[in-house]
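The block underneath contains the structure these notes are about, expressed in structure tokens.
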Amino acid sequence: DTGVSQDPRHKITKRGQNVTFRCDPISEHNRLYWYRQTLGQGPEFLTYFQNEAQLEKSRLLSDRFSAERPKGSFSTLEIQRTEQGDSAMYLCASSPTGPSGYTFGSGTRLTVV
Amino acid sequence: AQSVTQLGSHVSVSEGALVLLRCNYSSSVPPYLFWYVQYPNQGLQLLLKYTSAATLVKGINGFEAEFKKSETSFHLTKPSAHMSDAAEYFCAVSDYNNNDMRFGAGTRLTVKP
């Protein structure tokens, strides 16, 4: 088991462009989470999936953001028409059902210029 | 709604000294509490978790935390700091279903030689 993988590690994009991030969770975990972390802050919840179903979305997830988890395996997070305020670390985590804690990936750092 | 508050955004200790990082929680349901550590440009690593069993929880790297319901606290301690402990530490809370884990703003630990 290689843990949670995120790709790319870093992304620099121009304002207005679309970006897509990928997360590969631990294969036995049925739950997958996306968080956003800005400098000096704790992670903020964006959304989570149980298998392929997206069960909850934060109000932080504007209509420019969309997440998918086809077939309940990997997940993608797309940001359309990026803004400078989208610059942050995007963290993916996975877990089994129950209070076991999350396993996080190394994150994707997005810089919008 | 659940939340955690971490008291002190920065803590500095000398190598070999006691580490104490404070966390207070608010929860309307029995809380499940976690401490994570984050090194620069990395994701979060689970240090330890409280899941309603023993109130004194031991984790990795010599850290431990005690759940005190009367004080709504879950402070993290380590008897003797090591240089490698320098990092950002996050307290987090969730419910039994592990949904929507909420993180504190973090405490940056500096260890002086």
Side-chain angles (χ1 to χ4, degrees), chain A residues 2-11 21 23-26 29-50 53-61 88-111, chain B residues 1-10 21 23-25 27 29-54 57 59-60 63 65 67 74 87-108:
Chain A
T2 57
V4 178
S5 299
Q6 291 189 246
D7 184 68
R9 289 294 309 275
H10 303 274
K11 178 70 177 180
F21 310 140
C23 172
D24 287 90
I26 292 173
H29 290 177
N30 60 346
R31 291 193 167 189
L32 185 147
Y33 311 83
W34 285 100
Y35 281 78
R36 182 175 70 185
Q37 186 180 23
T38 53
L39 201 61
Q41 298 297 316
E44 297 172 295
F45 172 79
L46 292 178
T47 188
Y48 93 92
F49 294 83
Q50 178 153 316
Q54 188 174 17
L55 296 187
E56 189 171 342
K57 293 195 293 185
S58 163
R59 282 174 291 180
L60 292 174
L61 212 66
M89 175 79 90
Y90 290 84
L91 294 165
C92 176
S94 69
S95 79
T97 306
S100 59
Y102 299 172
T103 301
F104 281 86
S106 296
T108 293
R109 180 168 295 284
L110 172 67
T111 303
Chain B
Q2 299 174 294
S3 65
V4 291
T5 302
Q6 292 184 241
L7 302 176
S9 58
H10 291 89
L21 305 182
C23 173
N24 287 89
Y25 70 90
S27 179
V29 297
Y32 291 83
L33 295 157
F34 307 84
W35 276 99
Y36 288 85
V37 61
Q38 185 178 35
Y39 298 98
N41 295 313
Q42 295 295 318
L44 281 69
Q45 180 184 6
L46 181 65
L47 275 178
L48 50 77
K49 60 186 177 186
Y50 166 74
T51 56
S52 75
V57 181
I60 62 172
F63 285 94
F67 173 71
F74 190 58
E88 189 91 19
Y89 291 81
F90 294 95
C91 182
V93 63
S94 75
D95 60 15
Y96 175 80
N97 291 317
N98 215 24
N99 300 335
D100 187 11
M101 185 176 293
R102 299 298 178 114
F103 289 81
T107 297
R108 180 168 298 280

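Lettering follows sequence order; numbering is per chain, from 1. Scope of the values below: all heavy atoms of this structure, side chains included, with no hydrogens, waters or symmetry mates. Keep in mind the model is a prediction, meaning the values are calculated, not measured.
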>> At a 4.5 Å cut-off on heavy atoms, which part of B/Tyr96 comes close to chain A: side chain, backbone, both, or neither?
In response: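 Backbone plus side chain of B/Tyr96, per the 4.5 Å heavy-atom cut-off to chain A.
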
>> Less than 4.5 Å to any heavy atom of chain A: does that hold for the side chain of B/Ser94, its backbone, both, or neither?
In response: neither

>> Checking B/Arg108 now: which residues fulfil side chain to side chain donor-acceptor pair (under 3.5 Å) with it, not counting sequence neighbours?
In response: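 Here the qualifying residues are B/Glu88.
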
>> Counting only heavy atoms from other residues, nucleotides and ligands, does the tally under 6.0 Å from CD1 of B/Ile60 exceed 12?
In response: yes

> With a cut-off of 6.0 Å (strictly less than), are more than 12 heavy atoms of other residues, nucleotides or ligands near OH of B/Tyr39?
Replying inline: yes

> Which pair of heavy atoms, one from B/Leu44 and one from A/Pro43, lies closest together, and at what distance?
Replying inline: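 Looks like CD2-CG, 3.9 Å.
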
> What is the minimum heavy-atom distance between B/Lys49 and A/Pro99, and which atoms define it?
Replying inline: CD-O, 4.3 Å

>> Using heavy-atom distances under 4.5 Å, tell me whether A/Ser58 contacts chain B through its side chain, its backbone, both, or neither.
In response: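 No part of it gets close to chain B.
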
> Given a strict heavy-atom distance threshold of 4.5 Å, which part of A/Gln37 is in contact with chain B: side chain, backbone, both, or neither?
Replying inline: side chain

>> Please identify which of these residues, A/Tyr48, A/Phe45, A/Tyr35, meets the side chain to side chain contact (heavy atoms under 4.5 Å, CB included) condition with B/Met101.
In response: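 Going through the options one by one, the only one that passes is A/Tyr35.
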
>> Holding to side chain to side chain contact (heavy atoms under 4.5 Å, CB included), I want the full list of residues that pass it with A/Pro8, two or more places apart in sequence or in another chain.
In response: A/Lys11, A/Phe21, A/Thr108

> Under a 4.5 Å cut-off applied to non-hydrogen side-chain atoms, are A/Tyr102 and B/Phe34 in contact?
Replying inline: no

